[in-house]
Amino acid sequence: MGAPNSKPAKLAVNGLRPNPVDFTPEELRELQRRFGVHGPQPKLAQLLTHGMDQLTPLRANTFSRIEELKPVIVSESRRLGVNPMLVAAVLFDEIQRAKPGEDLPMAADSGLFKTHGPAQLGVDEFVHQGLLSPDASPEERAAARRELLIPERNVQLLVGKFHRLSTLLGFPSNRILEASAGPRDAKALATLAYLHNGKLDYPARILSYMQDPALHALIYSERRPQFSPLI
């Protein structure tokens, strides 16, 4: 990852168009140069993605897994100043689209999959965050892959990734980005989502999930203890 330069500031302040997921050709070229992002996924894949969102049992299972991860989502997001709804929305998308068996230790050790865990992160994220040497040994990289299989650790790395990218792009560090705060924040959140997945149609999906009332309630509600009525 290159050091920040004058370009990130341009990306950070140009989010003034009505639709935050609209990127100019200049912005796309700069993001491609710095982060290696791509175009949208094929239309058929987009249709399959939309269809998966409508599967009630899958949605319920995904919510259950996110609820289990809520403590680390909230605590790490608060610690690093990341919007927890961005984290939850990405997890919602990635968990729903996980490939069967990809998070088994055997699959991780085989090297067949490049990304692992609920956030679908690769070993290189350890390197980007300074947690693994770029010239780490095969044994060290294998250990990092197994660490990605730990759901709570995986979420910690995802929040760290958004914090790292926000810093590189010069996004505000004194407050949490909120899509409702204005077009600049919405564009910043769309950019972070884009850089996580690398596909141009991904930000719109994530921003939509961030507005999901059920997901919002899951992250921000507090479970109160239930007391039996006195007889």
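For the side chain to side chain donor-acceptor pair (under 3.5 Å) test with K161, the passing option among Q156, H128, H196 is H196; the others fail. Here the rule is side chain to side chain contact (heavy atoms under 4.5 Å, CB included) with M85, and of L177, I219, I206 only I219 fits it.
One finds a salt bridge joining E30 and R33 here, because a Lys/Arg side-chain nitrogen approaches an Asp/Glu carboxylate oxygen to under 4.0 Å. Under 4.0 Å is where a charged nitrogen must lie from a carboxylate oxygen, and between E67 and K70 no such pair does.
Between the side chain of T191 and the backbone N or O of K187 there is at least one donor-acceptor pair closer than 3.5 Å. Distance alone, capped at 3.5 Å, is enough to place a donor-acceptor pair between the N154 side chain and the A119 backbone. Proximity of a side-chain donor or acceptor of H116 to a complementary backbone N or O of L148 within less than 3.5 Å is not detected. No side-chain donor-acceptor contact under 3.5 Å links E147 to the backbone of R153. In this structure a side-chain-to-backbone donor-acceptor pair under 3.5 Å is missing from S208 to A204.
In this structure, the side chains of P151 and E68 stay at 4.5 Å or more apart for every pair of heavy atoms. Side-chain atoms of L157 and L131, non-hydrogen and from C-beta on, do get closer than 4.5 Å to each other. Two residues are said to be in side-chain contact when any heavy atoms from C-beta on lie closer than 4.5 Å; L28 and Y194 meet this criterion. Looking only at side-chain heavy atoms (C-beta outward), E76 and V155 stay at 4.5 Å or farther from each other. At least one side-chain heavy atom of Y202 sits under 4.5 Å from a side-chain heavy atom of V90. Using a 4.5 Å heavy-atom cutoff, the side chains of L192 and S166 are in contact.
The two residues P203 and A193 come nearest to each other via the heavy atoms CA-CB, 4.0 Å. When all heavy atoms of L189 and L86 are compared, the closest pair comes out as CD2-CD2, 4.0 Å. Across all their heavy atoms, D201 and R205 have their closest contact at OD2-NH1, 3.5 Å. Scanning both residues, V127 and S133, for their nearest heavy atoms gives CG2-O, 4.1 Å. Counting all heavy atoms, side chain and backbone alike, A144 lies closest to V123 at CB-CG1, 4.0 Å. Contact detail for S221 and L218: the closest heavy-atom pair is OG-O, 3.8 Å.
Under the salt bridge (charged side-chain N to carboxylate O under 4.0 Å, His left out) criterion, the residue pairs touching residues 116-130 are D124-R141, E125-R164, with sequence neighbours excluded.
Rounding to the nearest 0.5 angstrom, the gap separating the CG atom in L200 from the CG atom in D22 is 9.0 Å. Here the straight-line distance linking atom CD1 of I176 with atom OG of S77 works out to 7.5 Å at 0.5 Å rounding. Atom CG of D212 sits about 13.0 Å away from atom CG of L207, to the nearest 0.5 Å. Note that CE of M210 and CG of N83 are 4.0 Å apart. Values are rounded to the nearest 0.5 Å. Distance check, rounded to the nearest 0.5 Å: CD of Q96 to CG of L91 gives 11.5 Å.
With sequence neighbours excluded, no residue forms a salt bridge (Lys or Arg N to Asp or Glu O under 4.0 Å) with E94.
Taking hydrophobic clusters as Ile, Leu, Val, Met, Phe, Trp and Tyr residues chained together by side-chain heavy-atom distances below 4.5 Å, L149 does not share a cluster with L69. A single hydrophobic cluster is seen to contain both F126 and L80, as judged by linkage of ILVMFWY side chains at heavy-atom distances under 4.5 Å, directly or through other members. A continuous path of Ile, Leu, Val, Met, Phe, Trp and Tyr side chains, each step under 4.5 Å between heavy atoms, connects L215 with Y220, placing both in one hydrophobic cluster.
Between F92 and F63, the angle of the ring planes goes over 60°, which puts this pair in the perpendicular group of the 30/60° scheme.
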